[in-house]
Amino acid sequence: MSGEEIRVRCCIAGGGPAGMMLGLLLARAGVEVAVLEKHADFLRDFRGDTIHPSTLDVMAELGVLEEFLRRPHDEVREIAAQVGAERIVLADFRHVPARCKFLAFMPQWEFLDFLAQHGRRYPGFRLRMRTEAVGLIEEGGRVAGVRATAPQGPLAVRADLVVAADGRDSTLRDAAGLRSDVLGAPMDVLWMRLPRRVGDPAATFGHAEAGRLFVMLNRGDYWQCAYVIPKGGFDEVRAAGLSALRQALVELSPFLADRVDALRSWDDVKLLTVAVDRLRTWHRPGVLCIGDAAHAMSPIGGVGINLAIQDAVAAANRLAPALRSGKLSEDDLAAVQRRREWPTRMTQAMQVAIQNRIVRRVLASRARLRAPLALRLLRRFPVLRRLPARLIGIGFRREHLDQRL
């Protein structure tokens with residue numbers, strides 16, 4: 001392959017939350033690392049933007065929490081839902097065992113830009129924008145680097161370790177021949193923005209009616225909206241017309257009547273295809289998958305980013321010493337999977353149960369909805385709201401930075 005060639009200890013494909021966090025942590029630990037991001041910047045809509053209490057703890061352990069929270073964000077201390085005529089608080093974050101007892105909603109470009117800014121403070125950190133990983137370099141039965149395309153032409157990045165953090169449609173995962181188990185999802189999501197006005201509700205909330213689910217995230221001057229549809233149902237929604245979609249939104253949230261015309265065309269509506277899957281093995285000699293490349297998550301709970309960040313912390317803790325010394329082994333890669341596979345399995349099991357027992361039933365329902373028993377218990381016994389808050393905000397296994405690195 002002609003073109004530029006560089007050499008680093010670790011090459012990370014993908015500048016999302018998992019890739020950027022791992023790049024920062026490895027560089028901080030003295031490992032020379034290159035992060036390849038195929039886009040020219042981080043300014044893309046419709047990315048998840050929840051920053052969980054466990055992630056905020058990581059920022060505190062890095063010593064940058066106060067600086068981080070000066071970036072534009074909203075703080076959410078409870079999540080509520082309207083189920084038919086009943087309003088129910090689903091999760092109360094005021095008691096989570098973390099420094100910050102809230103979810104922070106921050107545009108993901110702000111989060112990624114912050115990580116990049118701090119990564120650049122370390123001499124071993126390289127961030128290559130507009131550089132897309134397109135394949136693997138293999139030598140002697142192991143992965144020895146990445147083939148990429150860059151603005152200047154072909155690029156070869158040789159590395160002791162390649163980390164695929166390039167998302168649920170990972171090119172490198174496929175190139176490595178790693179197989180996944182598909183757990184399935186009964187829904188897809190339509191994402192859109194609508195203006196937020198004085199007098200609107202302040203809370204982030206969801207609304208469920210027979211056959212329909214709608215989630216509204218308070219983003220200050222606008223609502224980030226998720227309209228849940230049956231899997232593969234977008235063609236039917238589109239055939240009914242944009243006016244029918246606007247009317248459905250107004251029926252779910254009547255106060256939107258004076259602004260649904262902001263959806264001027266289908267270009268203002270983005271289809272997010274929901275997938276839930278998990279690799280059987282996350283690694284091969286010389287390559288490791290983390291984040292969505294290893295386990296695509298359902299949007300339920302907005303926990304995908306949290307899982308990705310926790311993967312990055314666990315990977316840095318285990319791999320940094322081996323990469324520094326040049327003694328990385330496949331046992332080290334397997335140890336990362338062992339550490340992170342159990343919380344991934346548990347989280348996905350919880351998501352699939354909610355999908356099948358609640359989301360699927362709501363989308364198929366034609367009768368007036370009544371909140372299921374589990375949700376009615378949350379309304380009757382407020383202390384129970386702490387459990388979903390912990391599962392969303394902390395997860396099944398929280399990772400802390402190894403301060404010896």
Side-chain angles (χ1 to χ4, degrees), residues 15-16 37-50 72 74 81-82 105-113 129-130 132 167-169 185-275 292 296-300 302 304-305 359 362-364 366:
E37 167 54 47
K38 67 181 180 181
H39 294 97
D41 54 44
F42 299 123
L43 294 172
R44 290 181 297 289
D45 285 339
F46 308 116
R47 286 181 140 188
D49 51 9
T50 48
D74 300 302
Q82 188 83 15
F105 281 84
M106 177 183 289
Q108 195 172 112
W109 59 82
E110 291 279 1
F111 180 45
L112 298 178
D113 182 69
M129 305 299 289
R130 293 193 295 163
E132 182 176 5
R168 63 183 56 205
D169 298 316
M187 77 282 196
D188 291 323
V189 176
L190 302 183
W191 279 98
M192 64 207 84
R193 287 186 178 188
L194 289 172
R196 186 170 177 272
R197 307 233 169 111
V198 175
D200 282 0
T204 289
F205 64 94
H207 194 147
E209 292 285 358
R212 292 182 290 189
L213 278 169
F214 187 44
V215 178
M216 300 180 65
L217 307 178
N218 180 353
R219 298 311 321 273
D221 59 351
Y222 68 91
W223 291 104
Q224 185 74 64
C225 301
Y227 184 64
V228 181
I229 62 174
K231 170 65 69 177
F234 182 54
D235 288 345
E236 182 178 346
V237 172
R238 186 159 183 161
L242 196 57
S243 60
L245 175 60
R246 295 192 196 105
Q247 181 60 33
L249 302 184
V250 171
E251 290 172 1
L252 288 162
S253 294
F255 70 89
L256 296 176
D258 62 353
R259 71 201 79 171
V260 289
D261 286 344
L263 301 177
R264 296 182 178 88
S265 75
W266 288 107
D267 291 337
D268 297 320
V269 180
K270 183 170 180 66
L271 171 67
L272 295 183
T273 301
V274 177
D292 278 359
M297 310 300 291
S298 168
I300 290 172
I305 295 174
V359 176
V362 169
L363 294 178
R366 295 296 176 264

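- Here the side chains of Arg246 and Leu242 are in contact, with some heavy-atom distance below 4.5 Å.
- Inter-residue side-chain proximity for Val228 and Asp188 is flagged as unmet; no heavy-atom pair is nearer than 4.5 Å.
- Glu37 and Arg130 are not joined by a salt bridge, as no carboxylate oxygen comes within less than 4.0 angstrom of a charged side-chain nitrogen.
- Residues Lys270 and Met192 form no side-chain contact, since every pair of their non-hydrogen atoms from C-beta on lies 4.5 Å or further apart.
- Remark: the backbone N or O of Leu252 is paired with a side-chain donor or acceptor of His207 at under 3.5 angstrom.
- Within the 4.5 Å cutoff, the side chain of Leu249 has heavy atoms near those of the Leu194 side chain.
- Of all the heavy atoms in Val189 and Ala226, the pair that sits closest is CG1-CB, 3.7 Å.
- Legend: residues meeting salt bridge (charged side-chain N to carboxylate O under 4.0 Å, His left out) with Asp113, ordered by chain and number and at least two apart, are Arg71.
- When atom types are taken as modelled, the side chain of Arg168 and the backbone of Met297 share a donor-acceptor pair closer than 3.5 angstrom.
- Under the side chain to side chain contact (heavy atoms under 4.5 Å, CB included) test applied with Met187, the options Ile229, Ile300, Val362, Leu213 reduce to a single match, Ile300.
- Formation of a donor-acceptor pair under 3.5 Å by the Thr50 side chain with backbone atoms of Gly302 is found in this model.
- For the side-chain contact (heavy atoms from CB on, under 4.5 Å) test, residues two or more places apart in sequence or in another chain that qualify with Asp200 are Arg196, Arg197, Trp223, Phe255, Arg259.
- A donor-acceptor distance shorter than 3.5 angstrom exists from the side chain of Lys231 to the backbone of Val274, with no hydrogens or angles considered.
- Residues Trp191 and Leu271 are not in side-chain contact: their nearest non-hydrogen atoms beyond the backbone lie 4.5 Å or more apart.
- Contact of the Trp266 side chain with the Leu245 side chain is registered, since non-hydrogen atoms from C-beta on lie closer than 4.5 Å.
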